[in-house]
2 protein chains.
Amino acid sequence: MAVTIKDVARAARVSVASVSRALNGHHSMTAATRKRILAAAKKLRYTPHSAARTLITRRTQTIGALLPDLHGEFFSELIRGIDLAARARGLHLLVSSSHGDAREAATALRAMLGRVDGLLLMSPHVDAGFLRQMRAELPMVLMNSPVKRARCAILNIDNYGGAFAMVQHLVASGRRRIALIGGPDGNFDAVERLRGYNAAMARFAPAIPTQVLPGDFTEEGGYRATGDLVANKLRPQAVFAANDMMAVGCLHALREAGVRVPEDIAVTGFDDVPFARLISPALTTVRVRIADFGAHALERLATMIEDTTDAAREKHAQLLGAELVVRQSCGAKELLVSSAVA
Amino acid sequence: MAVTIKDVARAARVSVASVSRALNGHHSMTAATRKRILAAAKKLRYTPHSAARTLITRRTQTIGALLPDLHGEFFSELIRGIDLAARARGLHLLVSSSHGDAREAATALRAMLGRVDGLLLMSPHVDAGFLRQMRAELPMVLMNSPVKRARCAILNIDNYGGAFAMVQHLVASGRRRIALIGGPDGNFDAVERLRGYNAAMARFAPAIPTQVLPGDFTEEGGYRATGDLVANKLRPQAVFAANDMMAVGCLHALREAGVRVPEDIAVTGFDDVPFARLISPALTTVRVRIADFGAHALERLATMIEDTTDAAREKHAQLLGAELVVRQSCGAKELLVSSAVA
DNA sequence: CTGAAAGCGCTTACAG
DNA sequence: CTGAAAGCGCTTACAG
């Protein structure tokens with residue numbers, strides 16, 4: 001990192017201003033000088049000092065991603081998608097993950113200020129109040145956030161549409177009494193999936209009462225909820241677990257109770273985690289294209305950064321599609337249906 | 001970001017030099033001035049401009065992580081561990097993942113130069129030649145790398161010890177004819193696991209010939225290898241798949257062939273991916289503490305950055321322990337054994 | 001087309 | 001203990 005723009009200028013016998021212009025592709029210069037400068041830069045293996053450039057251009061060429069403490073596959077896919085899209089645009093990626101509470105998230109966010117040109121924000125702690133307090137002038141994209149009408153863009157997964165499609169599918173394959181094992185209170189994904197379930201039930205099985213069991217997104221929670229179901233002989237024709245882990249717990253409980261899946265009852269999940277197709281019976285579930293989700297969010301942020309005017313009207317919320325993945329656990333023929341496309 | 005050190009100086013009626021000293025905790029100043037300065041900074045919500053600071057201190061307070069295209073759980077755990085350790089030290093984390101080839105990795109690395117104080121490098125493309133070409137003066141920690149005697153620190157997972165412990169366990173529980181389904185050619189993890197298998201067989205079952213089947217770390221590969229085994233009636237007492245995915249394929253193939261696990265044959269894996277305990281029979285495997293691996297690597301890098309002299313003698317390779325996780329698929333009683341500790 | 005100069009926001013010897 | 005000044009490496013009006 002010892003070679004600076006001065007060295008290049010000296011080698012090419014021009015001013016540093018000309019070196020800067022040549023390297024940044026300004027056109028007002030003779031082809032000969034430009035060539036000489038570029039050659040000198042190459043020969044000296046010159047790399048501009050990014051801090052110096054940032055200091056004057058006010059651009060870091062870096063975007064920040066503030067992420068919650070996510071479980072495996074989802075998190076890695078998300079970063080992969082973001083990273084791919086960022087690299088394609090020549091942007092760097094500063095990440096910060098696992099924030100237990102709002103204070104930690106705020107600290108992490110503040111630490112990023114000045115180091116990034118924009119922010120991808122995904123955190124259960126990021127709500128309207130949080131954002132108001134931050135009052136950062138930075139372009140931001142909220143991912144999977146419950147916040148409405150924020151001053152920044154929002155990109156959500158279509159949890160509602162995915163759950164809706166699942167219920168529709170179950171009804172179409174002959175199951176009308178469908179119970180839902182819900183997610184944790186206040187969890188945005190859980191709330192949206194519940195909304196989708198309720199809406200689809202009202203639409204496709206209006207005569208049937210809905211049946212919602214409390215859950216918490218853990219295997220144990222799915223096991224417990226199903227145990228209650230079996231004990232009370234409230235046997236629905238299908239159990240829709242709001243995520244795959246709970247569906248696994250549900251399957252265990254049913255096996256112990258001697259209830260056959262899918263003959264006696266259908267079981268479905270949400271997420272399509274890697275093991276969903278490995279367990280038996282293979283799990284019917286809803287898949288989210290997570291890498292696309294990340295890439296999409298980055299594209300949107302990049303657009304906001306580049307074009308302030310365009311960004312202004314981009315501030316409505318967008319949804320990213322989820323698709324039904326039909327396997328053995330629901331007893332229907334396999335097929336794959338998109339719920340929506342962003 | 002509009003408020004600068006000048007504004008604080010003006011508000012506190014001192015020079016910018018004094019503001020800088022107060023904020024950086026220099027001691028040569030009266031408590032009164034310091035207090036006045038700190039109060040002014042707080043009131044104005046002053047945050048030092050990191051680029052300006054970097055330009056002069058030559059420190060970015062950021063470390064870079066160059067990672068391969070990893071599968072889910074491993075990658076996310078790794079980043080989680082790195083991020084946690086980095087945050088504890090007030091360091092930022094710049095990540096770049098999924099590099100298909102050596103050229104992409106080189107480009108990514110070069111792009112990070114000047115933006116980071118040190119580098120965590122984990123990539124199948126990072127070999128001795130690659131490093132020589134880079135000749136970066138940056139502190140680096142190679143993670144899970146086959147490179148020997150590099151000028152930088154190396155931190156590896158104890159694949160050898162884990163595989164060794166697995167074979168030892170199988171022999172101890174009465175299985176002597178143990179076949180290994182290997183990983184892809186040239187894969188460092190695979191090579192080390194094979195070494196561990198060979199060494200343990202030589203040690204604990206010296207009279208028994210080793211039996212290594214080609215594999216590729218995919219479920220399909222495990223299925224194929226096991227198919228050959230069954231077709232040729234070369235029935236060992238145990239199959240040790242070099243990763244969990246292949247063990248899953250192996251279990252499928254055995255089920256199809258009507259071979260019972262663990263009664264007729266033991267099956268074990270490596271990695272302890274989340275579904276390992278969910279399939280049936282639950283898989284005996286080797287677990288690696290991935291988050292610790294990441295945190296450890298970061299600590300080591302931070303030490304190198306802070307203390308150049310100490311770093312010099314830290315350059316030997318270190319191993320991070322793997323532990324045996326015994327479940328149903330090997331037919332032994334459950335227990336958990338550490339293979340080694342870093 | 002090209003250069004001299006100012007300035008981005010900081011830190012740090014150097015004086016006093 | 002405190003300040004004036006130089007300088008980190010770049011970019012960009014402003015002249016010519």
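Any value given below was found using the heavy atoms of this structure, including those in side chains, with hydrogens, waters and symmetry copies removed. Per chain, numbering begins at 1; letters A, B, ... match sequence-line order. Every value quoted in this text rests on a predicted model; they were computed, and no experiment measured them.
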Nearest to side-chain heavy atoms of [X], which nucleotide of [options]:
X: Ala17(A); options: dA5(D), dC1(C), dA4(C); answer: dA4(C)
X: Ile56(B); options: dA4(D), dT2(C), dG7(D); answer: dG7(D)
X: Thr30(B); options: dA4(C), dC10(C), dT2(D); answer: dT2(D)
X: His49(B); options: dT11(C), dC1(C), dG9(C); answer: dG9(C)

Length of the [atom1]-[atom2] vector between [X] and [N], whole Å:
X: Arg58(A); N: dG7(C); atom1: CZ; atom2: P; answer: 14 Å
X: Ile5(B); N: dC8(D); atom1: CD1; atom2: P; answer: 18 Å
X: Lys6(A); N: dT11(D); atom1: NZ; atom2: C1'; answer: 15 Å
X: Leu44(B); N: dG9(C); atom1: CG; atom2: P; answer: 15 Å
X: Leu55(A); N: dG7(C); atom1: CG; atom2: P; answer: 14 Å
X: Arg34(B); N: dG3(D); atom1: CZ; atom2: P; answer: 14 Å
X: Asn24(B); N: dA13(C); atom1: CG; atom2: P; answer: 13 Å
X: Arg53(A); N: dT11(D); atom1: CZ; atom2: C1'; answer: 9 Å

Notebook entry, point to check: Is Glu306(A) paired with Arg89(A) through a side-chain N to carboxylate O contact shorter than 4.0 Å?
Noted result: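 The answer is yes: the pair qualifies as a salt bridge.
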Next item on the list: Report which part of the nucleic acid Thr54(B) touches: base, sugar-phosphate, or nothing (heavy-atom distance under 4.0 Å, all strands).
Entry: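 Touches nothing.
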Might you point out which heavy atoms bring [X] and [Y] nearest each other, and give the distance in Å?
X: Thr54(B); Y: Arg59(B); result: OG1-O, 3.1 Å
X: Asn144(A); Y: Phe293(A); result: N-CZ, 4.0 Å
X: Arg34(A); Y: Ala22(A); result: NH2-O, 3.7 Å

Next item on the list: In sequence, state the C-alpha distance, the side-chain angles, and the governing distance for Arg10(B) and Asp7(B), and then conclude on salt bridge (charged side-chain N to carboxylate O under 4.0 Å, His left out).
Entry: CA-CA 5 Å; Arg10(B) 200 174 306 130; Asp7(B) 301 314; 3.5 Å; yes
Note to self: OP1 or OP2 of dG9(C) versus the side-chain N and O atoms of Thr4(B): is any pair under 4.0 Å?
What the structure shows: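 No, outside the criterion.
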Note to self: Please tell me if Thr33(B) has a side-chain N or O lying less than 4.0 Å from either OP1 or OP2 of dT2(D).
What the structure shows: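 Thr33(B) to dT2(D) OP1/OP2: side-chain N or O found under 4.0 Å.
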Item checked: Distance-only polar pair, side chains of Arg300(B) and Gln318(B), donor-acceptor under 3.5 Å -> yes
Check: At what distance, to the nearest 0.5 angstrom, does CD1 of Ile5(A) lie from NE2 of His49(A)?
Finding: 12.5 Å
Note to self: In this structure, which stretches of DNA chain C are paired as stems of three or more consecutive Watson-Crick or G-U pairs, both distances less than 3.5 Å?
What the structure shows: C:1-3 with D:14-16, C:5-12 with D:5-12, C:14-16 with D:1-3
Check: Would you say the side chain of Arg21(A) and the base of dG3(C) hold a donor-acceptor pair, judged only by whether the two atoms sit under 3.5 Å apart?
Finding: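 Indeed, a donor on one side and an acceptor on the other fall under 3.5 Å apart.
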Check: Nearest nucleotide by nearest heavy atom, which residue falls closer to the 5' end of DNA chain D, His26(A) or Ser18(B)?
Finding: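 The answer here is Ser18(B).
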